[in-house]
Amino acid sequence: MTPQLLAGKRGVIFGALDDQSIAWQIADVCAEMGAKFTLTNAPVAMRFGTISELAEKHGCEVIPADATSIEDMENLFQKSEEILGGKLDFVCHAIGMSLNVRKGRPYTDIKHEWMLKTFDISAVSFHKMCQVLFKGDHMADHGSILGLTYIASQRTFPDYSEMAESKALLESFARSFGYHFGEKNGVRVNTVSQSPTMTTAGKGVKGFKEFFGYADKMSPLGNAPARDCANYCATLFSDYTRFVTMQNLFHDGGFSNMGMSPKLIEQTADEE
Ligand code: NAI
């Protein structure tokens, strides 16, 4: 029996596109742990993805919202409160998209209008989301807000391109809003830095498959699967982490603290 860590909690989950999405797994785990939630994604994702199947599975509503639109987010949180019957205990931002990566532009020849759009979708949307939640007083006392990030915010992973700066910005927004929300009503704001994961967003990065294998060997525990990421996120929505805030928390099988891996050295030696 799954522990009912989230019994009675109300939430909003952004970013489930299909069953590969990390947000999909988060929704599954939250439902199993007793939470009620609404799902949201960009209106365009309703056509390409399978979010309605997820909603049907858990008997919850989908409220389309472009995370770069303040108006859409105001509507989303107001409707979510009405549907769920009260303020929100948790909100999960699992959104990322890079126009330059998608269109194959190298980092040294980026289109800067696209870069700004990437920042808006992948990072500024987190600030917009927090601001709408803050001003509309939508978060319950001691609630939890979470964003998903990647270690390229702090170390150079050349093919991650402008998403690296997006993630650095996202992590910084989470720290700064963590202060304001903590002072307001004890709400926590954190980011979880996840291992490479085979999703639509992940696979869009050049050389992702090879890198996935490299990271798996570099991490003593191996790459963390999406389902385990979801379990970790659920602990951060629960009352067992009420004093964890303003943190970037690694969920990466140990990758971020490795210097060299004998397994990779052996492989390189074998190839020579
Ligand atoms: P995904 O492609 O399944 O999810 C990305 C989501 O962002 C999609 O559902 C997409 O529709 C949504 N989105 C894009 N533009 C939007 C907009 N304007 N408004 C609202 N939603 C929008 O991929 P994944 O991997 O599950 O991504 C979730 C989060 O996890 C992202 O923040 C990603 O950067 C992060 N992450 C992913 C890793 C990976 O290797 N896949 C590793 C570490 C972090």
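Both ligands and their constituent atoms are indexed starting at 1 by order of listing. The structure displayed is predicted, hence computed values, not measured ones. Only this structure's heavy atoms are used, side chains among them; waters, hydrogens and symmetry mates stay out.
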In ligand 1, the atoms that come under 4.0 Å of a heavy atom of Asp66 are 17 (C), 18 (N), 19 (N)

for atom 40 (O) of ligand 1, nearest protein heavy atom and its distance come out as Thr197 N, 2.8 Å

Check whether any N or O atom of Thr68, backbone or side chain, sits under 3.5 Å from an N or O atom of ligand 1, and answer yes or no.
-> no

Could you tell me the residue and atom name of the protein heavy atom closest to atom 8 (C) of ligand 1, and the distance to it rounded to 0.1 Å?
-> Gly15 O, 3.8 Å

Heavy-atom distances under 4.0 Å are what count here, so tell me which part of Ser122 touches ligand 1: side chain, backbone, both or neither.
-> neither

Identify the closest protein heavy atom to atom 43 (C) of ligand 1: which residue and atom is it, and at what distance?
-> Thr149 O, 3.2 Å

Counting both backbone and side chain atoms, is some N or O of Gln194 under 3.5 Å from an N or O of ligand 1?
-> no

Note: Lys184-Asp137 ion pair, threshold 4.0 Å (strictly below) = yes

What part of Ala67 sits under 4.0 Å from ligand 1 if we count only heavy atoms: the side chain, the backbone, both or neither?
-> both

Shortest protein heavy-atom distance from atom 42 (C) of ligand 1, along with the residue and atom involved = Ser195 O, 3.4 Å

Point-to-point distance, once rounded to the nearest 0.5 Å, from OG1 of Thr50 to CG of Leu17 = 7.0 Å

Where ligand 1 meets Ala45 - atom numbers and elements under 4.0 angstrom, heavy-atom basis | 11 (O)

At the 4.0 Å heavy-atom cut-off, does Gly147 count as touching ligand 1?
-> no

Going by atom types only, do Asn248 and Thr191 share a side-chain donor-acceptor pair under 3.5 Å?
-> yes

Considering only heavy atoms, does Asp18 approach ligand 1 within less than 4.0 Å through its side chain, its backbone, both, or neither?
-> neither

With no hydrogens and no angle check, do the side chains of Glu162 and Ser98 hold a donor and an acceptor under 3.5 Å apart?
-> yes

Candidate pair Met33 and Asn231, rule side-chain contact (heavy atoms from CB on, under 4.5 Å), full reasoning = CA-CA 10 Å; Met33 291 188 176; Asn231 286 334; 4.2 Å; yes

Rounded to the nearest 0.5 Å, what separation is found between the CD atom of Gln25 and the CD1 atom of Ile13?
-> 11.5 Å

Side-chain heavy-atom pair Trp24, Thr199 within 4.5 angstrom cut-off = no

Is there a side-chain contact (heavy atoms from CB on, under 4.5 Å) between His58 and Asp28 once you walk through the steps?
-> CA-CA 8 Å; His58 297 305; Asp28 279 352; 2.7 Å; yes

Please write down residue, atom name and distance for the protein heavy atom closest to atom 5 (C) of ligand 1.
-> Ala94 O, 3.8 Å

Within-cut-off N or O pair, Ile95 and ligand 1, under 3.5 Å | yes

Given Lys9 and Asp239, is the side-chain contact (heavy atoms from CB on, under 4.5 Å) satisfied, shown in steps?
-> CA-CA 10 Å; Lys9 299 228 179 273; Asp239 291 339; 3.0 Å; yes

Per atom 16 (C) of ligand 1, closest listed option by heavy atom (Thr191, Val192, Ile121) = Ile121

Within-cut-off N or O pair, Ala23 and ligand 1, under 3.5 Å = no

Of the choices Leu148, Thr199, Asp19, which has the non-hydrogen atom that lies closest to atom 30 (O) of ligand 1?
-> Leu148

Please verify whether a non-hydrogen atom of Ala65 lies at under 4.0 Å from ligand 1.
-> yes

Among the heavy atoms of Lys203, does any lie under 4.0 Å from an atom of ligand 1?
-> no

Any side-chain heavy-atom pair from Pro196 and Tyr214 closer than 4.5 angstrom?
-> no

Closest heavy-atom approach to atom 11 (O) of ligand 1 among Asn41, Ile22, Leu76 is made by Asn41

Hey, is the main chain of Ala123 close enough, under 3.5 Å, to the side chain of Ser166 for a donor-acceptor pair?
-> no

Backbone, side chain, both or neither: what part of Lys167 comes under 4.0 angstrom of ligand 1, heavy atoms only?
-> side chain

For ligand 1, is there an N or O atom under 3.5 Å from any N or O atom of Ser21?
-> yes

N/O of Ala201 under 3.5 Å from N/O of ligand 1, yes or no?
-> yes

Note: ligand 1 atoms sitting under 4.0 Å from heavy atoms of Gly202 are 41 (N)

Rounding to 0.5 Å, atoms CG (Asp216) and NZ (Lys263) come to a distance of 7.0 Å

Check: Asp72 main-chain N/O paired with Glu74 side-chain donor or acceptor under 3.5 Å = no

is_close_aromatic(Phe173, Phe177), centroid dist under 6.0 Å | no

Test log, rule side-chain contact (heavy atoms from CB on, under 4.5 Å), inputs Val244 and Leu249 = CA-CA 10 Å; Val244 180; Leu249 302 158; 4.1 Å; yes

Applying a strict 4.0 Å limit to heavy atoms, is Phe208 in contact with ligand 1?
-> yes

Near Pro196 (heavy-atom distance under 4.0 Å), the atoms of ligand 1 are 40 (O)

